[in-house]
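Because the structure is predicted, anything quoted here is derived from the model rather than measured.
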Amino acid sequence: MIPWPEILALKPKAKEILDASDYLLYLFYTEIPPLRADFSNLKVFPRALKSRKGNYIISSARLANWRLVLQEYKTSNKYGKQTIALPVVIAEALKNYVSDHPEGYLIGVTEAALSKRVISLFNRLTGKNTSINLLR
């Protein structure tokens with residue numbers, strides 16, 4: 001087990017040693033309350049559409065207005081669509097990532113692959129296997 005303040009203190013190291021997509025994952029699992037593997041197959045769109053399916057991010061000219069829209073998650077039948085304001089640090093990293101990778105998905109992997117990737121990412125940072133469940 002790693003105390004939460006120690007995980008948060010890894011941000012400078014994460015920014016230094018991780019590639020852009022892994023750094024985004026680090027931010028997603030530390031800057032907002034960690035979710036299950038719901039960040040797999042996220043795309044960024046300039047606006048919300050009622051017909052859009054899945055989980056996605058809405059971008060904005062103002063970093064403070066970026067939003068994560070969750071529609072497909074374990075308890076979505078009970079709680080419905082959730083919109084989460086993204087911290088500026090995540091929005092800034094996303095903006096930079098999207099400008100360098102305009103082809104589509106931010107993290108285009110299955111939920112199982114995402115779980116393994118998070119374990120690997122935190123192992124590189126801490127030397128310990130830290131799963132999504134432990135982060136939650």
Side-chain angles (χ1 to χ4, degrees):
M1 296 283 280
I2 303 168
W4 190 248
E6 288 181 31
I7 289 176
L8 295 178
L10 294 168
K11 189 187 297 185
K13 181 179 180 181
K15 189 168 187 165
E16 180 183 323
I17 70 167
L18 299 176
D19 66 22
S21 63
D22 281 347
Y23 181 62
L24 272 174
L25 277 177
Y26 170 82
L27 293 176
F28 276 128
Y29 283 99
T30 58
E31 293 292 325
I32 58 177
L35 302 172
R36 291 177 171 84
D38 298 320
F39 298 120
S40 64
N41 296 318
L42 282 179
K43 279 189 170 186
V44 176
F45 297 100
R47 63 186 168 281
L49 295 175
K50 289 185 180 191
S51 62
R52 189 166 284 137
K53 304 283 188 221
N55 301 331
Y56 58 93
I57 294 171
I58 303 168
S59 66
S60 173
R62 293 189 58 223
L63 292 175
N65 292 340
W66 285 56
R67 304 281 181 259
L68 171 64
V69 178
L70 296 171
Q71 301 180 115
E72 294 178 5
Y73 57 99
K74 185 175 179 178
T75 55
S76 64
N77 289 340
K78 182 175 182 178
Y79 297 107
K81 179 179 173 180
Q82 300 288 313
T83 303
I84 300 167
L86 292 176
V88 170
V89 66
I90 294 178
E92 187 173 49
L94 282 166
K95 184 177 179 180
N96 292 336
Y97 186 84
V98 169
S99 68
D100 292 339
H101 302 86
E103 64 277 355
Y105 293 107
L106 297 175
I107 306 157
V109 297
T110 65
E111 290 179 8
L114 177 61
S115 294
K116 289 177 185 176
R117 191 165 163 189
V118 169
I119 291 169
S120 171
L121 176 157
F122 279 95
N123 191 299
R124 285 181 277 154
L125 292 173
T126 66
K128 298 178 181 177
N129 288 338
T130 305
S131 70
I132 290 174
N133 287 341
L134 282 175
L135 293 170
R136 296 179 61 235

- Message: Evaluate Phe28 against Ile107 for side-chain contact (heavy atoms from CB on, under 4.5 Å), listing each step before the verdict.
- Response: CA-CA 11 Å; Phe28 276 128; Ile107 306 157; 4.3 Å; yes
- Query: Is the closest basic N to carboxylate O distance between Lys11 and Glu31 below 4.0 Å?
  - Reply: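 Here Lys11 pairs with Glu31 in a salt bridge, since their nearest N and O are under 4.0 Å apart.
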Got a second to check how far [X]'s [atom1] is from [Y]'s [atom2], nearest 0.5 Å?
X	Y	atom1	atom2	result
Leu121	Asp22	CG	CG	5.0 Å
Leu106	Phe39	CG	CZ	11.0 Å
Thr130	Asn123	OG1	CG	7.5 Å
Leu35	Ile84	CG	CD1	5.5 Å
Leu25	Thr30	CG	OG1	10.0 Å
Ile119	Ile132	CD1	CD1	7.5 Å

- Task: Please indicate whether Lys81 has more than 12 foreign heavy atoms, meaning atoms of other residues, nucleotides or ligands, lying under 6.0 Å from its NZ.
- Result: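 Enclosed: over 12 neighbouring heavy atoms sit under 6.0 Å from NZ of Lys81.
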- Query: Has Arg47 got more than 12 heavy atoms of other residues, nucleotides or ligands less than 6.0 Å from its CZ?
  - Reply: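 Atom CZ in Arg47 is not packed in, count stays at 12 or less.
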- Item | Verdict with supporting geometry, Ser21 and Asp19, side chain to side chain donor-acceptor pair (under 3.5 Å) | CA-CA 6 Å; Ser21 63; Asp19 66 22; 3.2 Å; yes
- Could you tell me whether the side chain of Leu68 reaches within less than 4.5 Å of the side chain of Leu42, counting heavy atoms only?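 Yes, close enough: below the 4.5 Å cut-off.
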- Keeping to residues at least two apart or across chains, list the side-chain hydrogen bond (donor to acceptor under 3.5 Å, both in side chains) pairs with something in residues 70-80.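 Passing the test, one end in residues 70-80: no pairs.
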If you compare all heavy atoms of [X] against all heavy atoms of [Y], which two are closest, and at what distance to 0.1 Å?
X	Y	result
Trp66	Ser60	NE1-O, 2.9 Å
Leu18	Tyr23	CB-N, 3.9 Å
Arg124	Ile17	O-CD1, 4.1 Å
Ile32	Pro87	CG2-CD, 3.4 Å
Leu24	Ala93	CD2-CB, 3.7 Å
Asp38	Leu70	CB-CD2, 4.4 Å

- ILVMFWY clustering at 4.5 Å (side-chain atoms), partners of Ile58: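 Members besides Ile58, by chain and number: Phe45, Tyr56, Val69.
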- Message: Could you walk me through whether Ile2 and Leu134 satisfy the side-chain contact (heavy atoms from CB on, under 4.5 Å) test, starting with their C-alpha distance in whole Å, then the side-chain angles of each, then the deciding distance to 0.1 Å, before giving a yes or no?
- Response: CA-CA 9 Å; Ile2 303 168; Leu134 282 175; over 6 Å; no
- Message: Applying a strict under-4.5 Å side-chain criterion to I, L, V, M, F, W and Y, I'd like to know whether Trp4 and Leu125 cluster together.
- Response: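 As far as the 4.5 Å side-chain criterion goes, Leu125 and Trp4 are connected within one cluster.
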- Message: Would Ile7 and Tyr29 count as a side-chain contact (heavy atoms from CB on, under 4.5 Å) here? Give the steps.
- Response: CA-CA 10 Å; Ile7 289 176; Tyr29 283 99; over 6 Å; no
- Query: Are the side chain of Lys95 and the backbone N or O of Leu63 linked by a donor-acceptor pair below 3.5 Å?
  - Reply: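 Side chain of Lys95 to backbone of Leu63, a donor-acceptor pair under 3.5 Å: no, none is there.
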- Would Asn55 and Asn41 count as a side-chain contact (heavy atoms from CB on, under 4.5 Å) if you check the C-alpha gap in whole Å, the side-chain angles of each, and the deciding distance to 0.1 Å? CA-CA 8 Å; Asn55 301 331; Asn41 296 318; over 6 Å; no
